[in-house]
A.B. asks: 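Sending over a structure as structure tokens; questions will come in a sec.
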Amino acid sequence: MAQLLITGGAGFLGSHTCLVLLEAGHQLLVLDDFSNSSAISLERVAELAGVPLQRDQPTLKATLEAFTLVEGDIRDTQCLDALFTSAKAFGQPIEAVIHFAGLKAVGESVQQPLRYWDVNVVGTQRLLTAMNFHHCRTIVFSSSATLYGYPHPNQIPIPETAPIQPINPYGASKHAAEALLADLAGCSGKPEPIQASSGGWRIARLRYFNPVGAHPSGRIGEDPNGIPNNLFPFITQVAVGRRPELTVFGDDWPTPDGTGVRDYIHVMDLAEGHREALHSLLNSDPQLLTLNLGSGQGASVLDVVKAMEATSQRAIPHRIAPRRPGDAAITVANPTLAAQQLHWRTQRSLTDICRDGWAWQQDNPNGYGEACL
Ligand code: NAD
Ligand code: UFG
């Protein structure tokens, strides 16, 4: 059992991972500024885990219980220092950090590159500075398959050694944060995905492919702001009648049915991948791990439409439109290294993803927006 700090823990991926980590017996301190989430997700995580959610301030007033929430910004150095200092003062020093907090909308990053660098790069640097000062040198970092840019067809499925070529400010900010982590580990410029690290740092850079779906209870799931940019939440909103039709961006890609192919990974598989990465770091010598989290299976836009139609027993009206600028034809992970290193692989299928994502959407047609706890 470890005392963990989870930044961005109220968000989509953070909330599901909190549940898995609570179930594994860890004590969690969540730091979130709610810029893209609400505390309702964590109330529901607490309910599912059967523990109370304790709310506190950065200068903790009380001994940490299983699950504590502090509202604050990862760029706020005083807030970070207060958290590490007061946890230590209560005899519960933070042993490791899982760092989800960040901005993730590709289009928005093109409009607001400074904001993306500020939160994703400066925020990460301030977090690492506080960790370093307080001798907490274990971190699992949310990276992204977006680093692979437009992968070359002969590099599908994509290994971790594929060229890194971010094609938008979001990707550039994740690349910069990855580089900072490599520098800390003493591994600057070395491409190997598994390396010994100097200076005592234990670091996992996890490159997610397309995380989707929801917890099978239907109590927590993805709650995008406004019109979803991403395929899966858009499809579930069409199925539930919140939007009239799906726009399919291109049917002339070099793929079997002409629509874009992605590696969709169930959010619970992804959450379990974090648990395994954390345990691997805590039980190993200092190292830098760089691992894809994906299923290794590709599904096209039309595959997802069909799977959701079968699950929901509803037609999903869709029309073909031109390709979306910046899209790749195919991104599918080579997940071999994560399987070897973490003894982890995805357990859930596209059918499971649709079943759980649909249950969440039906029970929460407006996400957490009008939710009663
Ligand atoms: P999310 O927006 O649901 O969660 C991010 C959380 O961070 C939110 O709760 C938000 O309020 C919080 N946050 C944002 N800025 C903050 C700040 N300055 N201080 C404190 N909290 C802050 O996103 P998600 O889908 O859960 O993604 C989590 C991480 O995974 C992000 O870093 C994202 O870039 C990365 N990622 C996500 C995907 C995906 O498809 N969801 C894919 C690859 C990588
Ligand atoms: N698509 C549509 N219609 C839509 C939305 C998407 O046809 O309304 C298509 C896209 O063209 C693409 C596929 O569905 O072929 C998947 O698109 P998403 O937007 O769901 O996902 P992306 O692969 O483009 O990107 C996502 C995140 C990125 C992240 C990347 C890899 O948005 O931030 O996965 O993890 F980097």
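It should be emphasised that the depicted structure is a prediction, and the values quoted were computed from it without experimental measurement. Numbering of ligands and ligand atoms starts at 1, following listing order.
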A.B. asks: Would you mind listing which atoms of ligand 1 come within a distance below 4.0 Å of any non-hydrogen atom of Ser35?
C.D. replies: 10 (C), 11 (O), 13 (N), 14 (C), 15 (N)
A.B. asks: Which atom names give the shortest non-hydrogen contact between Ala338 and Leu291, and what distance separates them?
C.D. replies: N-CD2, 4.0 Å
A.B. asks: Which pairs pass ring pair (Phe, Tyr, Trp, His ring centres under 6.0 Å) with one or both residues in residues 278-309, sequence neighbours excluded?
C.D. replies: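 Listed by first then second residue: His26-His279.
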A.B. asks: Can you see which heavy atom on Lys104 is nearest to which on Tyr170, and at what distance?
C.D. replies: CA-CE1, 3.5 Å
A.B. asks: Return all side-chain donor-acceptor pairs below 3.5 angstrom for residues 63-71, not counting sequence neighbours, or 'none' if the list is empty.
C.D. replies:
none

A.B. asks: Does atom CZ (Phe133) have a neighbourhood of more than 12 heavy atoms from anything else shown, all under 6.0 Å?
C.D. replies: no
A.B. asks: Output every pair passing ring pair (Phe, Tyr, Trp, His ring centres under 6.0 Å) with a member in residues 296-322, not counting sequence neighbours, ordered by first then second residue.
C.D. replies: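 Of all non-adjacent pairs touching residues 296-322, none passes ring pair (Phe, Tyr, Trp, His ring centres under 6.0 Å).
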A.B. asks: Residues around ligand 2, heavy atom under 4.0 Å from any ligand atom, sorted by chain and number. Can you pull those?
C.D. replies: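 Those residues closer than 4.0 Å to ligand 2 by some heavy atom are Lys104, Val106, Ser144, Ala145, Thr146, Tyr170, Tyr208, Phe209, Asn210, Asn229, Asn230, Leu231, Leu246, Thr247, Val248, Phe249, Gly260, Arg262, Tyr264, Val301, Arg324, Asp327.
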A.B. asks: For ligand 1, is there an atom lying under 4.0 Å from some heavy atom of Ser143?
C.D. replies: yes
A.B. asks: Which class fits the ring pair His16 and His215: parallel under 30°, tilted 30 to 60°, perpendicular over 60°?
C.D. replies: tilted
A.B. asks: Contact between ligand 1 and Lys174 is defined here as a heavy atom of the residue under 4.0 Å from a ligand atom; is it met?
C.D. replies: yes
A.B. asks: Answer side chain, backbone, both or neither: which part of Ala145 comes under 4.0 Å from ligand 1, heavy atoms only.
C.D. replies: neither
